[in-house]
Amino acid sequence: MDREELKKLYNKPANLRLKHIALCVIGVAIAILISMIFLVDKVSWQLWYFMRGCAGVLAIIFVIIVSVLVYRVNRDYITGDRRDKK
């Protein structure tokens, strides 16, 4: 694989936006998990489970966003190679 071509594809504006959104989502999930460490004695168990659920949902959203990003880049890379060969 040509690394320079992949870097160009990953740095296209739409893909760069997806990358930033994915980083923000996982950052919020990590922040929630870290805050749970410090708030272990101060919150009720309902809030504890709610925070765990939100962190889990954010992790699932992160995986979906990253898989869409990888799919888009690979699709562009593969179709670009086919166009160049013809």
Check: Rounded to the nearest 0.5 Å, what separation is found between the CZ atom of Arg72 and the CG atom of Leu9?
Finding: 11.0 Å
Check: Can Leu33 be reached from Trp45 by stepping across I, L, V, M, F, W or Y side chains whose heavy atoms are under 4.5 Å apart?
Finding: yes
Checklist line | Beyond-backbone contact of Ile32 with Arg52, side-chain heavy atoms, under 4.5 angstrom | finding: no
Margin query: Let me confirm one number: the CD1-CD1 distance from Ile60 to Ile65, rounded to the nearest 0.5 Å.
Written below: 12.0 Å
Check: In Å and rounded to the nearest 0.5 Å, what is the CG to SG distance from Leu58 to Cys24?
Finding: 11.5 Å
Next item on the list: For residues Ala55 and Ala29, report the shortest heavy-atom separation together with the two atoms involved.
Entry: O-CB, 4.0 Å
Margin query: How long is the straight-line distance from CG of Leu23 back to CG of Leu18, given to the nearest 0.5 Å?
Written below: 11.0 Å
Next item on the list: Just jot down the side-chain hydrogen bond (donor to acceptor under 3.5 Å, both in side chains) partners of Gln46, sequence neighbours excluded, or say none.
Entry: Ser44
Check: Are Trp48 and Phe38 in one and the same hydrophobic cluster, where Ile, Leu, Val, Met, Phe, Trp and Tyr link if side-chain heavy atoms are under 4.5 Å apart?
Finding: yes
Notebook entry, point to check: Do other residues, nucleotides or ligands put more than 12 heavy atoms under 6.0 Å from Lys19 NZ?
Noted result: yes
Item checked: Shared hydrophobic cluster, Ile30 / Ile37 (ILVMFWY, side-chain heavy atoms < 4.5 Å) -> no
Item checked: Verify same cluster id: Val73, Tyr71 (apolar side-chain graph, 4.5 Å) -> no
Next item on the list: Look at atom CZ of Arg75 and say whether more than 12 heavy atoms of other residues, nucleotides or ligands are closer to it than 6.0 Å.
Entry: yes
Checklist line | Nearest-0.5 Å distance that lies between atom CZ in Phe50 and atom CE in Met36 | finding: 12.0 Å
Item checked: Leu16-Leu6 co-clustered via ILVMFWY side chain contacts under 4.5 Å -> no
Next item on the list: Please report the shortest heavy-atom distance between Ile26 and Phe62, naming the atom on each side.
Entry: CB-CD1, 3.7 Å
Next item on the list: List the atom of Asn15, the atom of Tyr10, and the distance in Å for their closest heavy-atom pair.
Entry: CB-O, 3.6 Å
